[in-house]
Amino acid sequence: MSKYLLRRIFMLVPVLFGVTLIVFGLLYITPSDPAQMMLGPNATPAAYTQMKADMGLDKPFVVQYIRFLFGYQHPIFGYKGLLFGDLGRSYISNRNVFELILSSFPNTLILAAGALFLALVIGVPIGILSATRHYSAWDMVFTVFALLGASMPVFWAAMVLIYTFANNLRIFPAMSNPRDFMSLVLPIVTLSMYSMAIIMRMTRSSMLDVMEQDYIRTARVKGMDEKVVIFKHALRNALIPVVTVAGLQFGQLLGGAVLTEKIFSYPGLGSIMVDAIYQKDTPQILGSVCFIALTFTIINLLVDILYGFIDPRIKSTFGRKKAKPAAARSRA
Amino acid sequence: MEKILEIKDLEVRYYSDRKTVRAVNGLDLDLSPGKVLGLVGETGAGKTTLALSILNMIRAPQGKIEAGSISFAGKDVLSMSKHELRDMRGKDVAMIFQDPMTALNPVLSVGEQIAETVLKHEGLTKDQAWKRAEEMLLTVGIPAERSKDYPHQFSGGMKQRVVIALALACNPKLLLADEPTTALDVTIQAQVLDLMRTLIRDNGTSVLFITHSLGLVAENCDEVATMYAGEIVEYGTIDQVFGKALHPYTQGLFGSLPDLSEATKRLKPIPGLMPDPTALPAGCFFEPRCPYAMEVCKAAHPKDIDVGGHLVKCHLFDKEGGAGRKA
């Protein structure tokens with residue numbers, strides 16, 4: 001198990017390296033000019049050239065990328081490099097990039113965790129209900145809701161919620177901040193809708209599949225109560241794909257709360273990232289994206305570890321040279 | 001002697017959008033306590049449907065028991081409440097499935113799967129139930145310490161032993177063994193059958209032994225019933241049927257076995273296929289494939305005819321209709 005963990009953590013390195021290279025490359029080819037931004041429209045060509053050199057933007061891509069990883073010596077624009085956890089200061093706010101990320105990330109985490117919790121607590125039971133009574137009226141109703149939840153654009157749903165609950169009914173505030181629980185309700189509901197729909201559908205189809213398996217028939221032949229059959233024998237087998245989806249959703253919620261945070265003026269990582277992109281604040285963009293990539297991969301790792309607790313067949317592959325959860329899950 | 005199992009005129013249908021599958025058609029079957037009845041027939045003859053009907057486990061809404069009665073130890077299975085059914089399943093009537101690879105729950109340890117049955121039916125404490133599960137595993141030749149292992153850690157033969165331990169854990173009065181050895185390789189088949197024989201003899205369990213192997217029937221059973229297109233076409237003791245098979249279909253089954261005593265060059269397969277269960281013939285279901293088919297076979301469905309305690313559903317033995325030929 002610990003060997004498996006070490007190997008998995010080791011495998012994160014190339015993934016994160018690839019992410020930084022792509023993000024850095026994309027920003028490099030984007031037609032943005034931080035030096036011009038810093039100096040304003042009336043700068044002399046000499047000052048502009050000097051600024052570019054100071055910021056290290058006159059060097060070729062490879063040099064810039066290596067500096068990004070290993071650091072850059074400069075009294076104003078210098079930093080220790082990504083590998084040493086330092087990307088310097090934001091061009092705009094002049095605050096340390098990672099400090100800003102670390103101060104706003106918990107806010108995003110509250111939203112994402114709340115949304116995932118809501119999605120699981122509502123999505124999984126409804127999925128089970130739909131599966132055990134499939135093609136019933138309830139199943140149809142929930143299917144329609146899931147379709148709505150999955151296809152409603154976040155910005156639209158958020159505005160409808162604000163209009164109804166903040167503007168007309170005045171139950172929840174339209175602006176949100178992490179210290180006021182009531183103000184968190186609307187963004188969490190908005191954010192959870194899509195995930196809830198996906199988790200509901202995944203639970204339903206996975207349960208339907210499992211309920212047809214021979215071992216469910218065995219459990220019934222043994223005289224087990226239908227509740228035991230569903231919750232003890234079927235649910236655990238049906239959870240693997242649900243956990244996978246929930247993990248992916250959590251990663252997306254962390255990185256994709258951008259719209260929701262913006263609409264509810266919520267001080268999270270998404271808001272910061274959007275501001276940084278508008279202002280061509282390269283260090284802040286790079287830092288935020290790398291940070292989100294890191295959390296995404298860590299969540300995936302946690303999900304893989306969670307598999308082992310749900311399915312003993314996967315746990316036993318942890319010890320081996322090659323982990324093959326997919327192969328182990330195909331009907332033995 | 002009172003019968004442990006009595007099935008009368010059983011009709012089971014499966015419904016899909018347009019078609020109706022007539023899986024079991026007016027089937028009669030009796031089983032005496034302590035006897036082993038072999039149920040032989042091709043794939044699709046309705047053998048598994050019959051076994052599931054006995055447990056009243058035909059899945060609605062597609063499947064439905066339309067007519068007939070099934071009584072187990074004098075009680076009507078089809079009118080039992082859900083609660084009574086659950087008490088009967090696993091306790092009085094147990095079932096062994098064809099494929100041990102998929103019959104066990106992959107996320108529960110084998111001990112747990114046996115113990116929960118015992119816990120449900122025997123009113124024991126959790127520790128006692130686990131102890132019973134370990135004892136059962138020992139009886140089928142699996143060390144007690146492996147009770148915490150999961151199904152994927154066992155081989156196919158071992159898994160079928162676990163399934164047998166599971167089925168026999170509550171000393172059922174009736175065991176439905178649905179092709180228990182089909183999925184196993186031949187050497188393991190012998191071991192598993194030996195084991196079943198011993199346990200069945202020791203407990204006096206009645207068995208409905210479903211198979212498509214006449215060899216296994218000869219070795220293991222007291223009585224034989226041949227099933228074809230959802231009905232029993234021939235029924236008798238081992239001696240009666242193996243001594244002289246009456247129904248042309250049973251004869252056909254014997255004809256498709258190699259005979260070591262004669263220098264048969266080729267096996268004789270039964271020509272044709274089983275009739276489409278959504279469109280069964282009006283007369284005898286076997287008539288289209290039967291080498292002895294007569295006019296009456298097309299027109300009228302044969303009834304059971306008693307030839308000295310040996311039942312056969314065939315016009316050949318009908319006093320009025322079967323005068324033309326001796327069996």
Side-chain angles (χ1 to χ4, degrees), chain A residues 131-137 139 206-243 306-320 324-332, chain B residues 48 51-52 54-57 59 61-62 82-110 112-121 148-156 159 162-163 166-167 169-170 172 175-176 178 183:
Chain A
T132 49
R133 312 218 190 298
H134 70 297
Y135 303 133
S136 68
D139 185 26
S206 181
M207 276 297 277
L208 274 179
D209 179 47
V210 168
M211 293 299 280
E212 291 299 314
Q213 298 293 321
D214 283 354
Y215 52 80
I216 296 301
R217 189 171 62 174
T218 306
R220 290 196 173 118
V221 165
K222 292 198 298 189
M224 293 292 119
D225 294 342
E226 199 57 22
K227 265 188 218 139
V228 178
V229 172
I230 291 169
F231 290 102
K232 182 171 173 184
H233 287 264
L235 186 57
R236 237 180 106 183
N237 280 291
L239 271 183
I240 290 270
V242 178
V243 168
L306 200 58
Y307 285 163
F309 288 99
I310 298 171
D311 194 332
R313 285 170 299 180
I314 296 172
K315 198 176 210 163
S316 64
T317 61
F318 282 176
R320 290 190 212 139
K324 282 190 203 158
R329 261 191 41 75
S330 72
R331 279 222 250 162
Chain B
T48 303
L52 289 173
I54 295 169
L55 290 160
N56 199 352
M57 287 237 324
R59 289 276 300 281
Q62 298 90 349
K82 273 187 187 172
H83 194 75
E84 286 171 314
L85 278 171
R86 282 201 285 263
D87 283 345
M88 179 191 81
R89 293 177 191 150
K91 165 79 182 129
D92 297 324
V93 185
M95 185 160 173
I96 297 175
F97 292 104
Q98 181 174 350
D99 190 355
M101 299 301 177
T102 55
L104 294 169
N105 193 326
V107 302
L108 299 173
S109 69
V110 296
E112 166 75 28
Q113 296 189 50
I114 301 173
E116 71 169 354
T117 319
V118 179
L119 204 59
K120 150 100 190 161
H121 294 296
K148 297 246 171 10
D149 285 352
Y150 293 91
H152 71 276
Q153 291 161 307
F154 292 85
S155 67
K159 270 185 222 174
V162 173
V163 172
L166 180 61
C170 299
L175 179 66
L176 309 171
D178 186 4

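Chain A is the first sequence line, chain B the second, and so forth, proteins listed ahead of strands; every chain is numbered from 1. Side chains included, hydrogens not; waters and symmetry mates left out as well; all remaining heavy atoms used.
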Against chain A, label B:Leu52 side chain, backbone, both or neither, depending on which of its atoms sit under 4.5 Å from a heavy atom there. side chain
I need the minimum non-hydrogen distance between B:Val107 and A:Ile310, along with the two atoms involved. CG1-O, 3.7 Å
Which portion of B:His83 sits near chain A, non-hydrogen atoms under 4.5 angstrom: neither
Quick one: what part of A:Val228 sits under 4.5 Å from any heavy atom of chain B, side chain, backbone, both or neither? side chain
Heavy atoms of B:Pro106 and A:Pro312 approach each other most closely as O-CG, 3.3 Å
Spell out, as yes or no, whether a donor-acceptor pair under 3.5 Å connects the side chain of A:Lys222 to the backbone of B:Leu166. no
Determine whether A:Asp214 and B:Gln98 make a side-chain contact, defined as any pair of heavy atoms from C-beta on separated by less than 4.5 Å. no
What's the spacing between A:Arg217 CZ and B:Arg59 CZ if we round to 0.5 Å? 10.0 Å
Please name the pair of heavy atoms, one in B:Met95 and one in A:Val221, separated by the smallest distance, quoted to 0.1 Å. CB-CG1, 3.6 Å
What part of B:Leu55 is in contact with chain A, defined as an atom under 4.5 angstrom from a non-hydrogen atom: side chain, backbone, both or neither? side chain
Partners passing side-chain contact (heavy atoms from CB on, under 4.5 Å) against B:Lys120 (at least two apart in sequence or in another chain): A:Met224, A:Asp225, B:Arg86, B:Asp87
Would B:Glu116 and A:Lys232 count as a side chain to side chain contact (heavy atoms under 4.5 Å, CB included) if you check the C-alpha gap in whole Å, the side-chain angles of each, and the deciding distance to 0.1 Å? CA-CA 11 Å; B:Glu116 71 169 354; A:Lys232 182 171 173 184; 2.8 Å; yes
Contact origin within A:Ile216 toward chain B - heavy atom pairs under 4.5 Å: neither
Whether B:Asn105 side chain and A:His233 backbone form a donor-acceptor pair below 3.5 Å: yes
